[in-house]
Undergrad: 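Below: one structure in structure tokens.
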Amino acid sequence: MEAVQARGTERLILRIGAVSATSRTVLTPAGSAPVNDVRWTLKEQASPRRRVWRRTPTGAGATGRVQLTVTVHGPGWQHTEAVGPVTREEVAAVRARVTQARMLALRSVVWSSVTVPDPAAQVSGEVAAPAR
């Protein structure tokens, strides 16, 4: 599998296995696309359990392991990354990274629609009267 590199001066923000993301681009072995053109899915499956019976101290919580599958869908391509088996704490960390990737897309859409007024375009020094 060939290594995926960020283009130019874009800094990698997150990585899940072979999937990487910058503030503008998602990079996978299957292809790359702008963050707002990519859809992320996360599937969680319990790992098969062995028939080992052991007494767990009260309040220790479940120690089961989980298999995660992160799928990235881009325009004309799809990449699936298997993560696991992992503990519940690692599941939370992967979920946080997927949420961060989704937020990159949202931030990209919001900031692309923001227009900043040009201060040089203001000709008169008049102040507008308040609306009534």
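Everything numeric here is computed off the predicted structure, so don't read it as measured data.
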Undergrad: Testing the basics here: between Gln67 and Ala82, what is the closest heavy-atom pair and its distance to 0.1 Å?
TA: NE2-CB, 3.8 Å
Undergrad: Scan residues 89-98 for pairs that pass side chain to side chain donor-acceptor pair (under 3.5 Å), counting only residues two or more places apart or in two chains.
TA: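 Only Glu44-Arg95, Thr87-Glu89, Thr87-Glu90 qualify under side chain to side chain donor-acceptor pair (under 3.5 Å).
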Undergrad: What heavy-atom pair brings Val35 and Ser23 nearest, and what distance separates the two atoms?
TA: CG2-O, 3.8 Å
Undergrad: Run Val86 and Val83 through side-chain contact (heavy atoms from CB on, under 4.5 Å) and show every step you take.
TA: CA-CA 7 Å; Val86 294; Val83 181; 4.0 Å; yes
Undergrad: Any heavy-atom pair between the side chains of Thr99 and Trp40 that's under 4.5 Å?
TA: no
Undergrad: Using the side-chain contact (heavy atoms from CB on, under 4.5 Å) rule, take Leu68 and Val91 through it: C-alpha gap first, then chi angles, then the decisive distance, then the call.
TA: CA-CA 8 Å; Leu68 289 178; Val91 169; 4.2 Å; yes
Undergrad: Taking side chain to side chain contact (heavy atoms under 4.5 Å, CB included) as the definition, give me every residue that meets it alongside Leu14, ordered by chain and number, with sequence neighbours left out.
TA: Ile16, Ala21, Gln100, Ala101, Leu104
Undergrad: Hey, could you give me the NE2/CD distance between His73 and Gln78, rounded to the nearest 0.5 Å?
TA: 5.0 Å
Undergrad: Does the side-chain contact (heavy atoms from CB on, under 4.5 Å) test come out yes or no for Val19 and Val26, once each step is laid out?
TA: CA-CA 7 Å; Val19 178; Val26 174; 4.2 Å; yes
Undergrad: Could you work out, with side chain to side chain contact (heavy atoms under 4.5 Å, CB included) as the rule, every residue matching Thr69, not counting sequence neighbours?
TA: Lys43, Thr71, Thr80
Undergrad: Do Arg15 side-chain atoms and Ser20 backbone N/O form a donor-acceptor pair below 3.5 Å?
TA: no
Undergrad: Using the side-chain hydrogen bond (donor to acceptor under 3.5 Å, both in side chains) criterion, which residues pair with Arg102? Sequence neighbours excluded.
TA: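 Not a single residue meets the side-chain hydrogen bond (donor to acceptor under 3.5 Å, both in side chains) criterion with Arg102.
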Undergrad: If I take atom CG from residue Leu106 and atom CG from residue Asn36, how far apart are they, to the nearest 0.5 angstrom?
TA: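 Rounded to the nearest 0.5 Å, the CG-CG separation comes to 10.0 Å.
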Undergrad: Looking at His79 and Ala18, what are the two nearest heavy atoms and their distance?
TA: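 Nearest pair, atom of His79 first, then Ala18: NE2-CB, 4.3 Å.
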